[in-house]
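First listed ligand is number 1; within each ligand, the first listed atom is number 1.
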Amino acid sequence: MRQEITLTVTDKAKAEFQRGFPLIAKEALEDADQLTQEGTIVNLADKQGKFLAKGYYGKQNKGYGWVLTRNKDEAISQGFMERTLSAALDQRKSFFNNPDTTAFRVFNGEGDGFGGLTIDYYAGFYLLNWYSEGVYTFRDEIIAALGNVVDAKGIYQKKRFDTKGQYIEDDDFVAGERGEFPLIVKENGVNFAVYLNDGAMTGIFLDQRDVRNAIKEKYAKGKTVLNTFSYTGAFSVAAAAGGAVKTTSVDLAKRSSAKTIEQFSVNGIDYEHQDILVMDVFNYFKYAKRKELKFDLVVLDPPSFARSKKYTFSTAKDYTNLMKEAIAITEQKGMIVASTNSASFGMKKFKGFIEKAFKEEGKKYRIVEEYTLPADFRVRKEFKEGDYLKVLFVELV
Ligand code: SAH
């Protein structure tokens with residue numbers, strides 16, 4: 001039997017839970033030390049013992065768990081999962097009806113009513129991401145519920161919590177038919193090769209769909225493009241599909257090169273006409289400056305934190321410097337796509353980094369467009385923090 005306990009929340013947190021705040025932070029609890037078993041159902045009550053909300057204990061870097069319902073009598077059963085999943089699927093009808101895009105998020109954690117779990121759709125297959133041991137205790141009910149509400153070719157999963165090295169079991173395969181990888185998905189008509197059975201990442205970050213499309217449709221034609229921290233080169237492929245004269249992709253990871261070649265190839269684009277470099281971005285900036293190379297469009301999409309042999313990069317500390325490096329090798333009237341997925345600061349602060357970089361470089365700019373998470377990555381209004389993505393299209397004027 002699943003454990004169920006009642007915990008008292010602080011006065012400050014009480015008002016937040018009453019407004020619909022979904023995250024159970026450690027600081028919100030008077031008696032957090034009573035939580036011992038991941039997956040425990042937690043009834044939150046005020047100091048007078050009045051029921052506020054019901055959730056579960058699942059430790060993530062964000063907090064101690066998530067609220068699931070504010071209805072005292074609602075059981076966290078398979079039926080609950082089915083209702084929650086169905087509601088999420090209804091919200092994505094337009095995505096399912098669009099043949100040009102066959103990969104998108106169908107369930108976005110707390111944005112869809114169950115923090116700690118995301119589900120992505122990839123051309124008939126469903127991929128579940130579990131973000132805590134606690135949420136993983138609901139695995140059987142959630143997978144059974146999913147099986148009842150969708151027509152899946154196959155179901156895969158990723159455990160995104162510390163499993164002491166046991167991340168992958170049985171190739172991440174859960175149910176249905178096994179896929180053949182790479183699986184080719186479409187995004188606004190562009191092909192992407194994805195792997196659901198190969199480590200934590202699949203080959204494409206679905207949250208950048210609208211940004212890739214903007215590059216393809218509005219900014220790439222006739223342009224030279226530099227894609228830094230390029231991973232599988234998804235932005236480069238979008239730019240090439242949009243008519244870029246040439247793309248240059250730079251990533252430190254050795255396998256990024258073969259992965260990028262693959263993404264170009266599944267679109268019939270000759271990768272030999274593109275530059276694909278396995279190197280440290282910071283070394284590339286030096287090289288480009290020395291060679292006086294400049295680009296019309298520069299994409300900057302670093303990880304929140306990275307450490308290479310020579311450099312440690314933390315977005316919150318180093319974005320301004322990174323931006324300065326980019327400004328130095330962008331053509332006048334060129335564009336920098338400045339992106340970050342760091343949840344540790346908001347859009348305002350991010351714009352501050354850009355402002356500072358241009359000031360220090362003595363150059364002027366104009367923000368042409370800004371993007372946050374796309375519609376399928378649902379965020380709830382009571383928890384705007386859930387929208388971690390910030391992308392600015394910055395023109396050098
Ligand atoms: N922009 C990519 C996602 C980037 S993920 C996309 O849209 O798909 C972050 C990538 O940064 C990883 O592939 C990692 O290998 C790379 N990386 C981290 N530090 C780096 C560095 N110093 N130089 C080059 N690449 C780096």
statement: Nearest heavy atom to atom 26 (C) of ligand 1, choosing from Phe205, Phe235, Phe229, belongs to Phe229
- prompt: Touching ligand 1 at all, Asp251? Heavy atoms, strictly under 4.0 Å?
  reply: yes
task: Report yes or no: does a heavy atom of Pro303 sit under 4.0 Å from some atom of ligand 1?
output: yes
message: Tell me whether the NZ or CZ atom of Lys324 lies within the 45° cone about the ring axis of Phe285 and under 6.0 Å from its centre.
response: no
message: Set out, in order, the CA-CA distance, both residues' side-chain angles and the distance that settles side chain to side chain contact (heavy atoms under 4.5 Å, CB included) for Gln157 and Tyr136, then state yes or no.
response: CA-CA 10 Å; Gln157 68 174 2; Tyr136 192 66; 3.6 Å; yes
task: Name the closest protein heavy atom to atom 19 (N) of ligand 1, giving the residue it belongs to and the distance to 0.1 Å.
output: Ala306 CB, 3.5 Å
query: Judged by modelled atom types alone, do Thr260 and Ser249 share a side-chain donor-acceptor pair under 3.5 Å?
result: no
message: Pairing donors with acceptors under 3.5 angstrom, does anything connect the side chains of Tyr319 and Thr340?
response: no
query: What do you reckon, does Val281 have a nitrogen or oxygen under 3.5 Å from a nitrogen or oxygen of ligand 1?
result: yes
For atom 8 (O) of ligand 1, the protein heavy atom that lies nearest, with its residue and separation: Tyr231 CD2, 3.3 Å
query: Taking the six-membered ring of Phe138, is the NZ or CZ of Arg2 close enough (under 6.0 Å from the centre) and on axis enough (within 45°)?
result: yes
query: Any salt bridge between Lys294 and Glu331, counting N to O under 4.0 Å?
result: no
task: Could you walk me through whether Tyr131 and Trp66 pass ring pair (Phe, Tyr, Trp, His ring centres under 6.0 Å), step by step?
output: CA-CA 12 Å; Tyr131 284 92; Trp66 297 95; 9.8 Å; no
field: Arg307 to ligand 1, any heavy atom closer than 4.0 Å
entry: no
task: For atom 25 (N) of ligand 1, find the nearest protein heavy atom and state the residue, atom name and distance (0.1 Å precision).
output: Leu252 N, 3.1 Å
- prompt: Which protein heavy atom lies closest to atom 22 (N) of ligand 1, and at what distance to 0.1 Å?
  reply: Asp280 OD1, 3.2 Å
message: At under 4.0 Å between heavy atoms, is it the side chain or the backbone of Met279 that contacts ligand 1, or both, or neither?
response: backbone
